[in-house]
Protein chains: 2
Amino acid sequence: MAHPTVEERRLTARGHERRRQLMDFATLRFAERGYHPTSVAEIVQGIGVGKGVFYWYFSSKEELFLEILREAQQALRRAQRQEIGDEPDPLRRIELGIRSSMAWLDEHRHVFNLFQFAATEERFAPALRRGGEVAAADAVRHVKEGIVEGRIRDGDPEVLTNAVLGVTNQLARVFIHERGERGADVADAAVAFCLEGLLAPPSAPPQPAGTSPRAPAG
Amino acid sequence: MAHPTVEERRLTARGHERRRQLMDFATLRFAERGYHPTSVAEIVQGIGVGKGVFYWYFSSKEELFLEILREAQQALRRAQRQEIGDEPDPLRRIELGIRSSMAWLDEHRHVFNLFQFAATEERFAPALRRGGEVAAADAVRHVKEGIVEGRIRDGDPEVLTNAVLGVTNQLARVFIHERGERGADVADAAVAFCLEGLLAPPSAPPQPAGTSPRAPAG
DNA sequence: GGGGGACTTGACCGGTCGGTCAAGGACACC
DNA sequence: GGTGTCCTTGACCGACCGGTCAAGTCCCCC
């Protein structure tokens with residue numbers, strides 16, 4: 001056989017570098033312009049190489065996208081694990097999960113669109129879901145523990161977990177991705193909402209309309 | 001001029017029917033297979049007409065998509081307005097907003113992917129955002145009122161609103177769109193989470209580990 | 001019946017896209 | 001200088017796609 005399969009090709013250091021270069025550039029383009037509108041020709045032109053280079057490192061455009069997806073999910077998950085460490089408190093683990101996700105999405109803003117797009121196309125949705133479910137399973141465990149300990153109110157752990165994920169995603173998308181705010185600040189808000197919800201604490205009885213709406217004592 | 005522009009064409013009843021047929025079928029296909037992988041040829045074949053029919057009713061595939069998007073946003077918003085009516089209580093308005101969104105997304109499951117996809121492509125994102133911001137602005141008003149009345153805890157109204165939207169979207173996507181559960185049930189969970197958050201009510205002091213995690217008295 | 005506008009057909013076109021491949025470096029090691 | 005492996009080139013290909021249009025058909029109204 002003339003050539004080995006792309007998958008079983010042994011790359012030199014220079015080869016790995018090119019591969020990285022292709023993946024990074026493609027990620028940017030996919031995120032900015034979308035997967036389909038970004039052609040292979042555009043990608044190779046962007047880093048100034050011939051088309052053959054692309055197909056030396058990836059067997060298809062689709063495979064490249066799946067690879068990018070896989071790597072991003074892995075990295076996000078790794079960031080979470082590292083931040084959570086061996087924290088024993090389940091509530092605190094959830095908080096750390098939110099904060100690390102926000103931080104990671106803050107640096108890597110561009111991958112947001114990729115996740116979002118992947119969910120909308122038959123070919124990519126399964127891969128995205130597989131990764132997402134694995135990550136969600138971790139969080140569900142923390143929630144379950146929290147319920148058992150009586151720290152988290154009773155309810156379906158999967159529902160609660162997804163609610164937390166929803167808050168995190170939406171706040172990240174709107175305030176980090178669209179408005180460019182700092183991840184740490186957004187994380188504070190997300191944590192507060194997830195823990196306390198909307199309601200004002202019952203210790204402060206409902207005030208008659210017209211009183212100062214802000215914190216009373218500065 | 002031989003033909004009027006598509007936009008200024010006067011349609012008979014039969015014409016409106018065809019237009020509906022095209023939009024409905026295209027919506028399904030776009031949702032199932034994605035916008036780009038769905039060709040115009042596929043759409044017209046699906047309803048058994050020639051290609052010219054498509055371009056009699058729409059000036060381009062892109063315009064069709066934008067039209068579908070616009071209509072869906074309008075319908076969702078209308079459903080919300082109708083449900084909320086003139087309810088005076090801001091918290092209840094938020095709740096009704098969540099419930100009506102869930103109900104609408106329950107019947108129209110397919111449009112979910114369209115919104116998601118639209119956000120990932122340059123050409124469609126602005127249109128999506130415009131519609132989304134208008135709808136969000138309503139919700140922000142309710143939250144602000146709730147804060148003023150002391151019913152909602154202090155915080156940036158936009159953040160709180162987006163958190164609620166995030167919960168709604170995520171729960172709708174996972175439990176309605178992916179798992180096919182009933183909208184009403186999912187709405188209950190979403191409302192509960194948004195109001196109360198994760199934490200167990202402080203009235204019940206943290207129990208020593210090992211006690212019954214479920215409601216104590218059935 | 002005939003005139004005209006609403007609608008339909010489907011072959012056709014230009015262009016682009018993902019992917020191939022024969023050929024040719026670059027570099028290492030003998 | 002020869003040999004082999006890793007890498008690169010870019011013209012080329014077949015397929016498909018969005019969009020056009022000349023030629024109809026249908027049907028209502030005079």
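Chain identifiers are assigned alphabetically (A, B, ...) following the order of the sequence lines, protein sequences preceding nucleic acid strands; residue numbering begins at 1 within each chain.
Nucleic acid contact for A:F58: none, since no nucleic acid atom lies under 4.0 Å from a heavy atom of the residue. B:V53 comes within 4.0 angstrom of a nucleotide base, judged by non-hydrogen atoms across all strands.
The backbone N or O of A:Q74 sits nowhere less than 3.5 Å from a side-chain atom of A:R77 that would complete a donor-acceptor pair. Without hydrogens or angle criteria, B:R18 side chain to B:G15 main chain gives no donor-acceptor distance under 3.5 Å. With hydrogens and angles ignored, the 3.5 Å screen pairs a side-chain donor or acceptor of B:R153 with a backbone N or O of A:G197. B:E87 contributes a side-chain N or O that, together with a main-chain N or O of B:D89, makes up a donor-acceptor pair within less than 3.5 Å. B:K61 places a side-chain N or O within donor-acceptor distance of the main-chain N or O of B:Y35, the cut-off being under 3.5 Å. Of the possible polar contacts, none joining the B:R29 side chain to the B:G34 backbone as a donor-acceptor pair under 3.5 Å is found. A:E95 contributes no side-chain N or O that, together with a main-chain N or O of A:V191, makes up a donor-acceptor pair within less than 3.5 Å.
What you find for B:A189 and A:V159 is that their closest heavy atoms are CB-CG1, 3.5 Å.
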Can you tabulate the close N/O pairs, meaning under 3.5 Å, that link protein atoms to atoms of nucleotides 28-30 of chain D?
none

Between protein and nucleotides 17-19 of chain D, what N or O pairs are separated by less than 3.5 Å?
unit_1: D:dG18; atom_1: OP1; unit_2: B:K61; atom_2: NZ; d: 2.6
unit_1: D:dG18; atom_1: OP2; unit_2: B:V40; atom_2: N; d: 2.9
unit_1: D:dG18; atom_1: N7; unit_2: B:K51; atom_2: NZ; d: 3.1
unit_1: D:dG19; atom_1: OP2; unit_2: B:Y55; atom_2: OH; d: 3.0
unit_1: D:dG19; atom_1: OP2; unit_2: B:K61; atom_2: N; d: 2.9
unit_1: D:dG19; atom_1: N7; unit_2: B:K51; atom_2: NZ; d: 3.1
unit_1: D:dG19; atom_1: O6; unit_2: B:K51; atom_2: NZ; d: 2.5

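Side chain of A:T12, nearest nucleotide from C:dT9, D:dC6, D:dT9: D:dC6.
Between B:W56 and C:dT8 there is no side-chain N or O to OP1 or OP2 distance below 4.0 Å.
Taking the screw axis at each terminus of the helix from C:dG1-D:dC30 to C:dG24-D:dC7 from five consecutive base pairs, the angle between the two is 10° to within rounding of 10 degrees.
In this structure, the ring of A:F65 has its center less than 6.0 angstrom from the ring center of A:F117.
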Footprint string (nucleotides 24-30 of chain C, 5' to 3'): B base within contact, S backbone only, - free, heavy atoms under 4.0 Å: -------

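Between the CD atom of A:Q45 and the P atom of D:dG10 there is a distance of 11 Å, given to the nearest Å. One atom, OH of A:Y57, and another, C1' of C:dG18, lie 20 Å apart when rounded to the nearest Å. Distance CG (A:L11) to C1' (D:dT8): 14 Å, rounded to an integer number of Å.
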Steps toward side chain to side chain contact (heavy atoms under 4.5 Å, CB included) verdict (B:R81, B:D138): CA-CA 10 Å; B:R81 268 206 224 267; B:D138 277 358; 4.3 Å; yes

B:L64 and B:F30: CA distance, side-chain angles, deciding distance, side chain to side chain contact (heavy atoms under 4.5 Å, CB included) verdict: CA-CA 11 Å; B:L64 163 66; B:F30 288 160; 4.1 Å; yes

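For B:E121 and A:R33, the salt-bridge test fails: no basic side-chain N is under 4.0 Å from an acidic carboxylate O. Note on A:K144 versus A:E158: no salt bridge recorded, every NZ/NE/NH1/NH2 to OD/OE distance being 4.0 Å or above.
Note on residues 168-177 of chain A: pairs passing side chain to side chain donor-acceptor pair (under 3.5 Å), not counting sequence neighbours, are A:Q170-B:N162.
In summary, the side chains of B:T38 and B:E42 do not present any donor paired with an acceptor at a separation below 3.5 Å, with no hydrogens or angles considered. For the 3.5 Å distance criterion, the side chains of A:S101 and A:Q80 qualify, holding a donor opposite an acceptor.
Less than 4.0 Å separates DNA chain D from no heavy atom of any residue of residues 15-24 of chain B.
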